[in-house]
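The analysis underlying the following values was restricted to heavy atoms, covering all of them including side chains, and did not include hydrogens, waters or symmetry mates. By convention in this document, chain letters (A, B, ...) are assigned in the order of the sequence lines, proteins followed by strands, and residues within each chain are numbered from 1.
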Amino acid sequence: MRTSQYLLSTMKETPADAEVISHKLMLRAGMIRRLSSGLYTYLPTGVRVLRKVEQIVREEMNKAGAIEVLMPMVQPAELWQESGRWEQMDAELLRFVDRHKRDFVLGPTHEEVITDLVRREITSYKQLPLNLYQIQTKFRDERRPRFGVMRAREFLMKDAYSFHLSQASLQQTYDAMYRAYCNIFNRLGLDYRPVLADTGAIGGSVSHEFHVLASSGEDAIAFSDTSDYAANIEMAEALAPAGSRPAATLPVTEIATPNVGSVADVAAFLNIPETQIAKTLFVLAAQEDGKPTSLVALVLRGDHELNEIKAEKLPEVASPLQFASDEQLRMLLGAGAGSVGPLGITIPVIVDRSAAHLADFVVGANKDGYHVTGVNWDRDISSYRVADLRNIVEGDPSPCGFGKLVIKRGIEVGHIFQLGEKYSQALKAGVLNEEGKHQIMTMGCYGVGVSRIVAAAIEQNHDEYGIIWPDAIAPFQVTLIPMNMQKSVRVAEATELLYQQLTAAGVDVLLDDRKERPGVMFADMELIGIPHSIVIGERNLDNREVEYKNRRTGEKQLLTLDSVVATVKGFLA
RNA sequence: CGGUGAUUGGCGCAGUUUGGUAGCGCACUUGGUUUGGGUCCAAGGGGUCGCAGGUUCAAAUCCUGCAUCACCGACCA
């Protein structure tokens, strides 16, 4: 490709509404333009990268035995009503009506469509297992699109769905997808981690997320510093502290703590560390039929944070988690938040493992403006149970038993699930099994955010001059930058020759044949992030040489004209 | 959806407080100059100041309503 025949569309200045680096650089490098909130047009450079990512994903999916299909983006409401998600999903599901007054949705995902397809096409156990995928545009009407294509409303995704008659078969495909995803991210040249994930509202038992590590990532991931354990921070188990609980030494004492409410205030007022305080959070209890709403007390060490997902999973706690109102607290305890505690209450008390390890600790007195010191489990509070309630913090022991946890940030670019029968049951997707009996299939689903990978790759690979593409997904592999080719016949001839040779050798090459100053060309090619560049100038042509420069390392070396193609091919191998 | 803020040429911005008929840098066009890191000179083109209504002799500027966009929060199979 020659720049004179191409649409570069680079910008010197960054549009004011871009926040994260990948968004800024994608705009400046001429990869995308915003059409409307969360909707982006891909310019030629953006399309090239997107297609390269897509192709790697496609090849690895095919290699893993998945088969490509393509489903409509517009889906009839009936299927969503059948699965129950027509009611479950709110405004995120974009609905509209066609000319015949029939309801449709813009597909945010394709479980319904694929399950409908499979229930029509697949009738026998002999046709299973089956793993179908597509690479398709999705639409989710995000409340707040942001970060460019990272959280856009319309985005490109690879989604795969597998169908089985046994858990063993599902597990086999799940494992194959896990390996395929590792292959994909290895080939993309990204620093990534598979992490244990929450299965969320979709249900199922097993789930892994694939995260590209980047400081700007939206998700926190916990890693062991010695083993390969990695989990979403919401999933990581907080172990009980080692050793046994210290013995009680102090008597229970009530002290006035006027206008002192938060853990930090209490610690400062009493001149004790936050770790000697137990904070008590009151949340709504799981509702039993016909009974009035009641509360559950959750006790945490003062410096720890409640993990709402863990709390929601407790049978005693209402899901979704809801904190008690001030009126409810006053009615039950006679005090407001800030002075409440687990002493002398009759509702269930659930204590985090770390809080359960405290002795001689401080709690609210259930009396406005008072706290109680010298409190001890069993001696002063006998009815309670212990559970894992808190978010892990850096330095906690790893749940795998090896090493300590460190926390890093990541961008979720892949997610694999064992779905179970949620959709196949709802849509009655079954086959005849070996015994000739009708059996509902079990499903897995496997997603890769193709457009998000493009942004994530930039978040992880950039410098002050622009993007630094990994070879595998660079819009062009090599750029030719001629010095003054408009005037110098020698330069023009050498450049043309290299362009022909590289193109013939199958290299993706961009020749900058614009009538621009060298600085402009260097700056643009660095901004776009082409990994390898060749500068052709009078200076080195005297020795029949050109200069090679590596975008990532900045390393330069002189190459003879005859050796350019072989050397470049060597770099790309 | 709640809070905050923005909207002036393709991009980045000034001008709004104190109303007087729109400006700067970049980009673009033409000619010249320069050619290993965003040259320099000259001449140009391009804006109903987000939309609608109001106040006024006069509105980018003041008032009212609306729209769009962004940021923070909540949300995120």
- Look at the side chain of A:R517 and decide which nucleotide, out of B:G36, B:C11, B:U34, has an atom nearest to it. B:U34
- Provide the distance between the two C1' atoms, one in B:U34 and one in B:U39, to the nearest whole Å. 6 Å
- Message: Whether the side chain of A:R140 and the base of B:A77 hold a donor-acceptor pair under 3.5 Å is what I'd like checked.
- Response: yes
- Message: Counting only Watson-Crick pairs (N1-N3 plus N6-O4 or O6-N4) and G-U wobbles (N1-O2, O6-N3), all under 3.5 Å, who is the partner of B:G10?
- Response: B:C26
- Quiz item: A:K549 side-chain donor-acceptor pair to B:G37 base, under 3.5 Å: yes
- Query: Under 3.5 Å, is there an N or O donor on one side and an acceptor on the other linking the side chain of A:N540 and the base of B:G36?
  - Reply: yes
- A:S22 side chain to A:E459 side chain, donor-acceptor N/O pair below 3.5 angstrom: yes
- Between A:R539 and A:E218, just flag the one whose closest nucleotide in RNA chain B comes earlier from the 5' side. A:R539
- Query: Does the pair A:K310/A:E237 count as a salt bridge with the N-to-O cut at 4.0 Å?
  - Reply: no
- Message: In whole Å, measure the gap between the P atoms of B:G19 and B:G65 for me.
- Response: 22 Å
- Task: Please measure how far the P atom in B:G50 lies from the corresponding atom in B:U17, and state the result in whole Å.
- Result: 15 Å
- Message: Check this for me: does any side-chain nitrogen of one of A:K24 and A:E19 sit under 4.0 Å from a carboxylate oxygen of the other?
- Response: no
- Task: Between B:C11, B:C13, B:A77, spot the one nearest the side chain of A:A16, thanks.
- Result: B:C13
- Expressed in whole Å, how much space separates the C1' atoms belonging to B:U18 and B:C76? 48 Å
- Quiz item: A:R144 side-chain donor-acceptor pair to B:C76 base, under 3.5 Å: no
- Given B:G36, B:C76, B:G38, which nucleotide is nearest the side-chain atoms of A:A523? B:G38
- Item | Pairing of A:K549 and A:E555 as salt bridge, 4.0 angstrom limit | no
- Task: Using Watson-Crick or G-U wobble geometry with both distances below 3.5 Å, tell me the partner of B:C69, or none.
- Result: B:G5
- Query: For the side chain of A:V520, counting heavy atoms from C-beta on, which of B:U39, B:C71, B:U35 is nearest?
  - Reply: B:U39
- Query: Are A:R179 and A:E60 within salt-bridge range, i.e. N to O under 4.0 Å?
  - Reply: no
- A:K12 has its side chain closest, among B:G36, B:G38, B:A77, to B:G38
- Item | Under-3.5 Å donor-acceptor pair between A:E516 side chain and B:G37 base | no
- Message: With a 3.5 Å limit on both atom pairs, tell me what B:U18 is paired to, counting Watson-Crick and G-U wobble, or say none.
- Response: none
- Message: Any side-chain N or O of A:S36 below 4.0 angstrom from OP1/OP2 of B:C69?
- Response: yes
- Item | Which residue lies more 5' along RNA chain B, comparing A:K515 with A:E142 via nearest heavy atoms | A:K515
- A:R552/A:D463 salt bridge by N-O under 4.0 Å criterion: no
- Query: Is there a donor N/O on one and an acceptor N/O on the other, under 3.5 Å, for the side chain of A:E547 and the base of B:G36?
  - Reply: yes
- Message: Side chain of A:S37, heavy atoms from C-beta onward: which of B:C69, B:C75, B:A77 has the nearest atom to it?
- Response: B:C69
- Please measure how far the P atom in B:U56 lies from the corresponding atom in B:A14, and state the result in whole Å. 32 Å
